[in-house]
Chemist: 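Please see the structure below; I have some questions.
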Amino acid sequence: MNLTLEAIRILDTIDRKGSFGAAAVALDRVPSALTYSVRKLEEDLDVLLFDRRGHRAKLTAAGQELLTEGRHLLRAADELEQRVKRTASGWEVELRIVLDALIPYEKMIPLINECDLQSSGTQLRFSTEVLSGTWEKLINGEADLAIGISYDGPDLVRGSGGFRAKPMGEVDWVFAVAPTHPLAKLDEPLSASVVQQHRAISVGDSGRMLPRITSGLLTGQSTLTVPTVRDKLAAQVAGLGCGHLPRKWAQPYFDTGALIEKQTNETKPDGALQYAWRTDSRGKCLKWFLAKLADPDVQRKLLAE
């Protein structure tokens with residue numbers, strides 16, 4: 001007998017049930033059939049798998065090693081079987097979702113909990129990117145769904161027909177500085193030439209292949225580039241620079257005086273956000289998320305502070 005999943009399953013059942021007889025009942029087999037299978041396996045491997053001197057079937061060191069590693073194979077086989085069944089029923093094995101930095105992961109937790117109630121078995125994989133990096137994940141096939149995209153995408157996307165996008169709401173951007181910042185005491189509206197003299201806090205575009213995008217920066221302006229919107233908020237509260245922030249993120253700091261809103265002559269960054277997906281992804285889990293993202297109430301919660 002070659003080493004098979006069936007042979008490993010027999011060893012596993014004997015070990016869990018404690019005897020050949022109990023294992024035979026669990027497997028709906030006669031005890032003599034299990035005894036034959038184990039002896040044949042021992043002959044083929046030329047090792048003793050069970051110590052038969054006591055009343056309880058006890059694995060030898062070699063048998064324990066075989067079963068320990070074999071259980072990994074049993075789990076992998078069971079998982080493969082479930083994945084095949086899920087695929088046949090229309091549910092994806094995995095759904096990859098990329099969030100723009102404007103959508104904190106914790107905002108997705110209620111949707112994940114609700115998705116779990118579908119008992120789909122689809123594994124969710126989340127990542128976070130900024131600006132063009134979000135589109136790159138879709139274009140490279142590393143994501144099926146992108147949430148919070150803040151621009152229409154490169155020509156490659158618009159002309160391919162391989163992607164669709166829908167609006168999900170607006171971000172109200174406000175120009176903010178700490179009360180200790182030099183711009184805090186100047187008359188409004190602040191001119192571009194005045195703002196340009198002060199360092200801006202910017203969230204770095206995470207794209208590697210597409211042309212990088214800057215939002216709300218002036219030509220020649222000194223910048224401090226940080227990884228996330230939360231880091232940008234913290235840097236501006238600390239007085240390290242100036243820049244636009246989502247109002248809902250900044251409002252609590254306006255209320256306490258930790259930040260001051262200033263009017264400027266410069267236009268705000270584009271506040272329209274979208275969600276986009278690959279049209280070659282047609283699984284039920286993606287369709288479930290798309291239906292949820294079309295709900296105005298869900299959109300408001302995702303864009304909340």
Chemist: Not counting sequence neighbours, which residues clear side chain to side chain donor-acceptor pair (under 3.5 Å) with Lys262? List them please.
Modeler: none
Chemist: For Asp187, check salt bridge (charged side-chain N to carboxylate O under 4.0 Å, His left out) against everything at least two apart and list the hits.
Modeler: none
Chemist: Ignoring hydrogens and geometry, is there a side-chain-to-backbone donor-acceptor pair from Gln123 to Glu94 under 3.5 Å?
Modeler: no
Chemist: Please identify each residue that fulfils salt bridge (charged side-chain N to carboxylate O under 4.0 Å, His left out) with Asp172, with sequence neighbours left out.
Modeler: Arg247, Lys268
Chemist: Within a 6.0 Å radius of atom CZ on Arg16, are there more than 12 heavy atoms belonging to other residues, nucleotides or ligands?
Modeler: yes
Chemist: Between Glu6 and Arg29, does at least one N-O distance fall below 4.0 Å, as a salt bridge requires?
Modeler: yes
Chemist: What about the rings of Phe289 and Tyr275, do their centers lie closer together than 6.0 Å?
Modeler: no
Chemist: Should we say atom CG of Asn140 is surrounded by more than 12 heavy atoms from elsewhere, each under 6.0 Å from it?
Modeler: yes
Chemist: Do Gln251 and Asp255 have a side chain donor and acceptor closer than 3.5 Å?
Modeler: yes
Chemist: Are Asp12 and Arg9 close enough for a salt bridge, meaning some N to O gap below 4.0 Å?
Modeler: no
Chemist: Distance-only, no hydrogens or angles: does the Lys232 side chain make a donor-acceptor pair with backbone N or O of Ile201 under 3.5 Å?
Modeler: yes
Chemist: For Lys301, is there an ion pair with Asp295 - N to carboxylate O distance below 4.0 angstrom?
Modeler: no
Chemist: Is there a donor-acceptor pair closer than 3.5 Å between any side-chain N or O of Thr122 and the backbone N or O of Glu92?
Modeler: yes
